[in-house]
Amino acid sequence: MQKKYNMSDMGRFVADYNSRLFVRPKSWMMFIPFVGRKMYQKASLEEHKRERFERELYLAANELIDQKKYIEEMTPVLELFYSNKKRKRR
């Protein structure tokens, strides 16, 4: 059963997601043999996800996209994010 979320929950999620410790992609990462490219790819993906979450929240908050559909599509992402957070605390 999925929990019912609202726009303020979405805003908290974006803030929580942005507050996670992560490395921003840097060009020097590419020069580290073997692991550098993987580090850069992961950091780049995280940066892209952050930007996308912020952009989609902005569009939904300003009613440029359907808020109900946005919340429905983001519900699995929120549940996964918060369930992973709880598992890491144990």
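Below, each value reflects all heavy atoms present in this structure, side chains not excepted, and no hydrogens, waters or symmetry copies. Everything numeric in this text was worked out from a predicted model, so none of it was measured. This chain uses plain numbering: 1 for the first residue, then up along the sequence.
Residue pairs satisfying the salt bridge (Lys or Arg N to Asp or Glu O under 4.0 Å) criterion with at least one member in residues 31-45, sequence neighbours excluded, are absent. Within the structure, every pair that satisfies the side-chain hydrogen bond (donor to acceptor under 3.5 Å, both in side chains) test and touches residues 53-65, not counting sequence neighbours, is listed here: Asn18-Glu54.
Relative orientation of the Phe13 and Phe81 rings is perpendicular, given thresholds of 30° and 60° on the angle between their planes.
In this view, Leu45 and Lys49 satisfy the side-chain contact (heavy atoms from CB on, under 4.5 Å) rule, not counting sequence neighbours.
Note: Tyr5 OH to Glu79 CD = 4.5 Å, rounded to the nearest 0.5 Å. Remark: Met74 CE to Lys69 NZ distance equals 14.0 Å, nearest 0.5 Å.
Minimum heavy-atom separation, Arg50 to Tyr17: NH1-O, 2.7 Å.
In this structure, the side chain of Ser44 does not engage the main chain of Tyr40 through any donor-acceptor pair within 3.5 Å.
None of Val77, Leu78, Ile71 except one satisfies the side-chain contact (heavy atoms from CB on, under 4.5 Å) rule with Thr75; the exception is Ile71.
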